[in-house]
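In this text, all values refer to a predicted model and were calculated from it rather than measured experimentally. Every heavy atom of this structure was used, including side-chain atoms; hydrogens, water molecules and symmetry mates were not.
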Amino acid sequence: MTIASSRELLTFADFVGYGTSGGGNRTARYIAHDYLIAEDDVRDYYPQLAVEVPSADNGTWRVNADGSMDVTWTLRPNVKWHDGTPFTAEDLVFSHRLHTDRDFTLSSNGGTIRLMESAAALDPLTLTVHWARTNALANRAYGLDPMPRHLLQDLYQSDKEALIKNPFFNGEFVGLGPYRLARWEAGVELAFARFDDYYLGRPPLDTVIVRYIKDGSAMVANILAEAVDVVVPPSVDLETAAELRRRWEGTGNQAVPQVTDRVRWLRPQFRPELAQLKNGMPNLSVRRGLSHAVDRGTLAEVVGQGFAPTADSWVGPADPLRAQVAAAIPQYPYDLARAQQLPAEAGWTRGSDGVLVHQPSGERFEAYISVRPTTGADKDGAIIADGWKALGLQIGLHFIPPAQADDRQVLSTQPFVNLSSNGASGFWDEILHTKGIASEANRWNGANNHGYSNPRVDSLIDRLLITIDQQERVNFSRQLLQETMTDAAIIPMYWQTDPLMLLRGVKGFTWRTFDWDKT
């Protein structure tokens, strides 16, 4: 099976100072490596190497009287590394040491991971982790990505700098997945071969190839020529996919729209020292007014081809939490009259040429929307700009060059608003908390790259992070949504819907790579 991906996998490790280059990399990781738990396409969690996900109900997640925690993981038996060495709890003790070592830079979830004070193997199939304080994400297995102790421990003890530069984490990777890495051609392709000793049985395919194709049109050309079997998102827009569906009618080939867990939204620049307009996005009335001038229905219809649900927050339509919190989410329906009124309250009035001018500063509302090179982003930007121009904004589009699309400093210093896309999982704790603000001081390493800060939001997030009781979590989530969206901390648009393209004969193509087959 050959898979076309536009995003390159850079590393199998999250503690080497950089992450992967974005969407599509999870597919490649899951081919060669298994984890304690795995996420499906809508971010539900399932046990993989673990027998079960720890919980208070089954006694494997215990909160102590002093606020600390102990979490126990039970492992599946008969799991082997690709070199034939048995996988044991000692590998996870070693993984814990790597991820909590402050000489290394974590690419994500650092605040949660470093609350794990210690880890111990009770026996070859049982790991216990002691947490310094209560954290509601303790059962996500962050910081416990399995690493082979027998291959890496000596180098870790002798030369940490050499360890993080070691080719093991890319081209020489040895994992636990259904397929072993056979070839790594950076920027070109990855080749994986069947691992016959996989603990679930013999995988169906002989070989899996992940080929990097950056251009969407080239991806389509490859699958039309049957040079690839699958094209994974992001690839082309849904309009192109619809044409492909018409062309393929009756052939058995598919271009399937998939509503993802990724919300398309706008990041207002909150930091006055970086803001293009001092009386622009840092002003609440302006943010609320511009929120009312985003035509989400048109965005969902034009860019999402009618498949993409509109968004009012980071809680999606299929999220089990939705029914319990929806009434608390402030709404910003498309309403140009209200959109004009709110900036006027902040001192913005139309000048003689129709462009808004701030009184008394004389600042003209001239700005641009920053757009990353993501499928459909150019159409998003144009539709948003049209709505804002109707208010009297002199608004343009700035397309961030592909080479800078993952540069955290570039993304953090966009001066007005940045068109963004993020997964709903971890959205609130990573993107909205003050501690996550990216800055020069932390080498721009933070998911909150728009500089949002609200002490009430921080407090609610902190409470959510230590609350395990489900009803209490719902209550705090409701309050967080109310506070955040009243503050117009983000401007949500719609839920990203991407086409998955499959040739006839491809079977079982989900996040469970062991299920993949081809006839």
Side-chain angles (χ1 to χ4, degrees), residues 5 7-35 81-85 87 90-114 116 119 141-177 179-193 195 210-212 214 402-412 438 440-447:
S5 173
R7 302 292 175 88
E8 183 176 356
L9 178 69
L10 301 180
T11 177
F12 281 95
D14 288 327
F15 56 86
V16 296
Y18 57 90
T20 58
S21 63
N25 64 72
R26 192 162 61 103
T27 299
R29 275 194 175 194
Y30 279 10
I31 296 170
H33 205 29
D34 279 5
Y35 300 83
W81 294 97
H82 289 158
D83 63 2
T85 303
F87 165 67
E90 290 291 353
D91 290 310
L92 294 174
V93 173
F94 177 62
S95 299
H96 167 267
R97 290 184 64 191
L98 293 175
H99 285 86
T100 56
D101 190 324
R102 291 188 177 274
D103 289 337
F104 298 149
T105 300
L106 294 169
S107 61
S108 62
N109 302 303
T112 297
I113 290 169
R114 284 173 174 149
M116 296 190 293
Y142 296 149
L144 295 175
D145 291 359
M147 290 291 152
R149 175 172 167 264
H150 66 289
L151 295 178
L152 300 176
Q153 181 170 258
D154 288 348
L155 186 57
Y156 170 67
Q157 292 175 338
S158 63
D159 191 340
K160 293 181 183 180
E161 184 69 23
L163 174 70
I164 63 174
K165 295 179 179 178
N166 195 289
F168 170 86
F169 299 115
N170 41 64
E172 297 179 8
F173 184 70
V174 174
L176 299 167
Y179 299 90
R180 59 178 178 80
L181 182 63
R183 186 176 71 255
W184 177 296
E185 293 184 56
V188 180
E189 69 178 27
L190 304 176
F192 303 90
F195 179 53
V210 176
R211 185 167 297 156
Y212 301 130
K214 302 294 186 182
Q404 297 180 339
D406 296 306
D407 187 312
R408 297 189 182 203
Q409 181 175 357
V410 170
L411 297 178
S412 299
E440 189 172 3
N442 63 15
R443 294 184 293 178
W444 306 101
N445 188 20

Does CD in Glu440 sit with more than 12 non-hydrogen atoms of other residues, nucleotides or ligands closer than 6.0 Å?
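12 or below, so no.
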
Counting neighbours of NZ on Lys160 that are heavy atoms of other residues, nucleotides or ligands and sit closer than 6.0 Å, is the number greater than 12?
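More than 12 within 6.0 Å, yes.
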
Assess the residue pair Arg183 and Glu189 against the criterion (side-chain contact (heavy atoms from CB on, under 4.5 Å)); give the C-alpha distance rounded to whole Å, side-chain angles, the decisive distance to 0.1 Å, and a yes or no.
CA-CA 8 Å; Arg183 186 176 71 255; Glu189 69 178 27; 2.3 Å; yes

Gap between atom [atom2] of [Y] and atom [atom1] of [X] - 0.5 Å precision:
X      : Y      : atom1 : atom2 : value
Phe94  : His150 : CZ    : NE2   : 10.5 Å
Tyr35  : Leu176 : OH    : CG    : 9.5 Å
Ile113 : Thr100 : CD1   : OG1   : 9.0 Å

Testing the basics here: between [X] and [Y], what is the closest heavy-atom pair and its distance to 0.1 Å?
X      : Y      : answer
Phe173 : Ala32  : CE2-O, 4.1 Å
Arg114 : Asp101 : NH2-O, 3.3 Å
Ser412 : Trp444 : CB-CE3, 3.5 Å
His82  : Val174 : N-CG1, 3.7 Å
Gly446 : Ala438 : O-CB, 3.6 Å
Glu90  : Arg149 : O-CD, 3.6 Å

Hey, mind stepping through Trp81 and Asp91 against side-chain contact (heavy atoms from CB on, under 4.5 Å) and telling me if it holds?
CA-CA 10 Å; Trp81 294 97; Asp91 290 310; 3.1 Å; yes

[X] side chain near [Y] side chain, heavy-atom distance below 4.5 Å:
X      : Y      : result
Tyr212 : Leu190 : yes
Gln404 : Gln409 : no
Phe169 : Met147 : yes
Trp184 : Leu9   : yes
Ile31  : Val210 : yes

According to side chain to side chain contact (heavy atoms under 4.5 Å, CB included), who are the partners of Asn445, at least two apart in sequence or on a separate chain?
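Checked Asn445 against side chain to side chain contact (heavy atoms under 4.5 Å, CB included); matches are Thr105, Arg408.
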
Using modelled atom types only, decide if a donor and an acceptor are shared between the side chain of [X] and the backbone of [Y] within a distance under 3.5 Å.
X      : Y      : answer
His33  : Gly177 : no
Asn170 : Thr11  : no
Ser95  : Asp145 : yes

For Leu163 and Phe168: C-alpha separation, side-chain torsions, deciding distance, then whether side-chain contact (heavy atoms from CB on, under 4.5 Å) applies.
CA-CA 9 Å; Leu163 174 70; Phe168 170 86; over 6 Å; no

Partner of His99 under ring-ring contact (aromatic ring centres under 6.0 Å, His included), chosen from Tyr142, Tyr156, Phe104, Phe15:
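In the set Tyr142, Tyr156, Phe104, Phe15, the residue that makes a ring-ring contact (aromatic ring centres under 6.0 Å, His included) with His99 is Phe15.
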
Could you please spell out the steps behind the side-chain contact (heavy atoms from CB on, under 4.5 Å) verdict for Leu151 and Thr85?
CA-CA 10 Å; Leu151 295 178; Thr85 303; over 6 Å; no

